[in-house]
Amino acid sequence: MKTIASHTLGCKVNQYDTQAMLELFQEAGYQIVPLDQPADVYLINTCTVTGTGDKKSLQLIRKIRRERPQAGLIVCGCMAQQRGEDLLSLGADLVIGTQRRGEVVSLYRQYLQNGIPFCAVEPLHSGQPFECLSITAQNEHTRAVLKIQEGCGNRCSYCIIPAVRGPVRSRPLEDIRSEVACLSAAGYSEIVLTGIHLCSYGKDMESPLSLLDAVRVVQAEPGVQRIRLGSLEPTVATPEFAAELRKADKICPQFHLALQSGSDTVLARMRRRYNTAQYLRGVENLRKEFPHAAFTTDILTGFPGETETEFEETKDMIRKIGFARIHVFPYSPRPGTPAARMPGQLTSAEKEKRARDLIALGRQVAHEYLLTWIGLDTDFLPEEEIDGSWEGYTPEYIRVRLEQAASCHSGKPVRVRLLGIIPGGMRGELIV
């Protein structure tokens with residue numbers, strides 16, 4: 001039997017796409033093996049959001065070609081979309097970018113028949129349909145990612161994603177309903193709705209829909225216990241949106257609102273479509289409906305021209321929100337974006353120092369958020385039994401270790417009391 005190994009860099013959308021392609025290879029008779037084992041074919045799904053993503057993608061491609069010279073090598077994803085022909089020169093046999101993933105098996109067979117590496121990257125254009133790839137098995141025990149949207153039209157000054165992912169395309173509700181039913185039947189009790197710009201869901205359709213329409217479809221599936229949302233824009237979090245979201249009782253009150261900067265002047269240079277006052281209103285609207293909600297975010301530090309005053313404004317904003325988790329990224333210029341040509345580019349040392357400061361602050365505010373939960377009761381979804389203890393997450397995505405809970409079963413929610421903070425999360429006890 002032929003074997004295939006894979007590695008995914010970047011976001012949950014990439015993870016979903018990789019799994020979908022692997023299932024296509026399984027249907028064609030391939031067995032999936034770990035990346036560190038010999039395989040007949042290697043599938044690398046690349047990321048180009050940051051310079052680090054580019055570097056890791058290129059390092060892995062070179063490593064596989066050096067160590068497995070006789071194996072087939074398929075490279076796809078965002079960096080492949082942007083630099084397709086370049087990747088052939090590094091030894092890729094097939095490059096397919098962010099389109100034609102559903103044809104990956106037939107395209108690879110074409111390479112095997114001809115023996116000539118080729119690039120099948122297609123140009124992105126408006127009016128493209130959503131490439132509907134479905135998956136039935138995922139790596140996690142109880143949580144499944146469901147991609148419902150592709151592309152972005154925001155054109156932030158630092159971001160290359162619109163160029164490599166294309167315009168907004170949304171998945172039809174009937175396809176969402178069908179895959180949710182399959183995932184539920186396979187035992188997944190939590191569904192994570194994801195997309196490149198999730199809030200744009202439905203805007204491209206002939207009869208416009210919204211993200212709430214997709215939420216209602218998942219809410220209606222009896223086997224689903226939880227619905228978790230991917231990244232949201234603060235401007236979508238209106239009082240009306242928050243109130244409607246609250247009606248879906250399966251929604252997890254953990255909201256990832258991308259901040260990027262806590263300085264209005266930096267946000268303007270980034271071409272973000274909100275300011276700090278609008279961001280705070282979005283948080284307030286959601287907290288009114290979900291009082292104990294966890295807010296997570298992305299911060300891009302060291303943006304061109306970022307002053308010490310602007311950097312301090314970001315730190316003040318982080319403290320004011322009290323985030324449960326922060327992902328920090330030092331700015332890296334993306335060729336072809338307006339920000340790459342802006343004056344005032346900071347040195348790598350300056351950006352790394354600011355990133356370290358924000359990571360430390362992020363740990364502090366995350367710890368403070370966990371302190372607010374000590375002694376409180378919440379739901380807990382057991383996911384994995386380890387040495388007699390169950391581990392899993394609350395709706396707020398707090399990782400919990402539950403000891404002496406033999407009556408727990410994977411994927412079946414139970415009520416717990418959170419007792420204290422431990423490395424990586426909190427300790428809980430079962431409420432009988």
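Residues: numbered from 1 along the sequence shown. Nothing here was measured: the structure is a model prediction, and the numbers come from that model.
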Sequence neighbours left out, cut at 3.5 Å: what donor-acceptor pairs do the side chains of residues 319-328 make with other protein atoms?
unit_1: R319; atom_1: NH1; unit_2: D316; atom_2: OD1; d: 3.1

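In this structure, a donor-acceptor pair under 3.5 Å is absent between the side chains of Q19 and Q15. When only modelled atom types and interatomic distance are considered, T394 and E396 share a side-chain donor-acceptor pair under 3.5 Å. Side-chain contact check for R68 and Y42: at least one donor-acceptor pair (N or O, by modelled atom type) lies under 3.5 Å. S170 and Q149 share no donor-acceptor pair across their side chains, judged by distance under 3.5 Å alone. Q254 and R228 share a side-chain donor-acceptor pair at under 3.5 Å. Side-chain N/O atoms of T3 and D40 include a donor and acceptor closer than 3.5 Å. Between the side chains of S189 and Q225, no donor-acceptor pair of N or O atoms lies under 3.5 Å. Using modelled atom types and a 3.5 Å distance limit, the side chains of T347 and E350 yield a donor-acceptor pair. Inspection of the T48 and D54 side chains reveals an N or O donor paired with an N or O acceptor under 3.5 Å.
With sequence neighbours excluded, the residues satisfying side chain to side chain donor-acceptor pair (under 3.5 Å) with D377 are R417.
With Y16 contributing its side chain and C11 its backbone, the two residues share no donor-acceptor pair below 3.5 Å. Between the side chain of D93 and the main chain of L73, a donor-acceptor pair closer than 3.5 Å is present. Between the side chain of E131 and the backbone N or O of G102 there is at least one donor-acceptor pair closer than 3.5 Å. Looking only at distances, a side-chain donor or acceptor of K250 sits under 3.5 Å from a matching main-chain atom of E221. Of the possible donor and acceptor atoms, one in the side chain of R171 sits under 3.5 Å from a partner among the backbone N and O of K147. Although no hydrogens or angles enter the test, the distance criterion places no donor-acceptor pair under 3.5 Å between the side chain of E352 and the main chain of S348. Checking side-chain atoms of Y188 against main-chain N and O of V180 turns up no donor-acceptor pair under 3.5 Å.
The shortest non-hydrogen separation linking S57 to L9 is OG-CD1, 3.7 Å. The shortest heavy-atom contact between P38 and V33 is O-CG2, 4.0 Å. Across G153 and R273, no two heavy atoms sit closer than the pair O-NH2, 3.4 Å. When all heavy atoms of K351 and L346 are compared, the pair lying nearest together is CE-O, 3.6 Å. For the residue pair I176 and A214, the shortest heavy atom distance occurs at CD1-CB, 4.2 Å. The two residues A339 and P304 have their closest heavy-atom pair at O-CG, 3.7 Å.
Under a cut-off of 6.0 angstrom, the local environment of NZ in K56 is sparse, with at most 12 non-hydrogen atoms contributed by other residues, nucleotides or ligands. Heavy-atom neighbours of R401 CZ from other residues, nucleotides or ligands within 6.0 Å: at or below the threshold of 12.
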Notebook entry, point to check: When you look at F380 and Y393, which way does the ring-ring contact (aromatic ring centres under 6.0 Å, His included) test go after all the steps?
Noted result: CA-CA 6 Å; F380 167 77; Y393 290 87; 8.8 Å; no
Note to self: If you apply the rule salt bridge (Lys or Arg N to Asp or Glu O under 4.0 Å), what do you find for E312 with K315, and how did you get there?
What the structure shows: CA-CA 5 Å; E312 288 299 323; K315 293 168 74 174; 3.5 Å; yes
Next item on the list: Mind running salt bridge (Lys or Arg N to Asp or Glu O under 4.0 Å) on R216 and E244 for me, showing each step along the way?
Entry: CA-CA 10 Å; R216 293 182 188 113; E244 284 297 312; 3.1 Å; yes
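Contact check for F295 versus V283: side-chain heavy atoms found under the 4.5 Å cut-off. When side chains are defined from C-beta on, I251 does not count as touching R246, because their heavy atoms never get closer than 4.5 Å. Side-chain contact between N154 and H197: present, with at least one pair of heavy atoms (C-beta onward) separated by less than 4.5 Å. Looking at heavy atoms from C-beta onward, T301 lies out of side-chain contact with Y331 at the 4.5 angstrom threshold.
A cation-pi arrangement is found for R354 relative to F311, the charged atom lying closer than 6.0 Å to the ring centre and inside a 45° cone about the ring normal.
Within the model, atoms CD1 of I191 and CG of L146 stand 6.5 Å from one another, a figure rounded to the nearest 0.5 Å.
Here side chain to side chain donor-acceptor pair (under 3.5 Å) pairs that include residues 419-432, with residues two or more places apart or in two chains, number zero.
Taking the six-membered ring where tryptophan is involved, the planes of Y30 and F25 are perpendicular, since the angle between them exceeds 60° and thus also 30°. Between Y369 and W373, the ring-plane angle classifies as perpendicular under the 30° and 60° cut-offs. Ring planes of Y158 and F303: perpendicular class, angle over 60° (limits at 30 and 60°).
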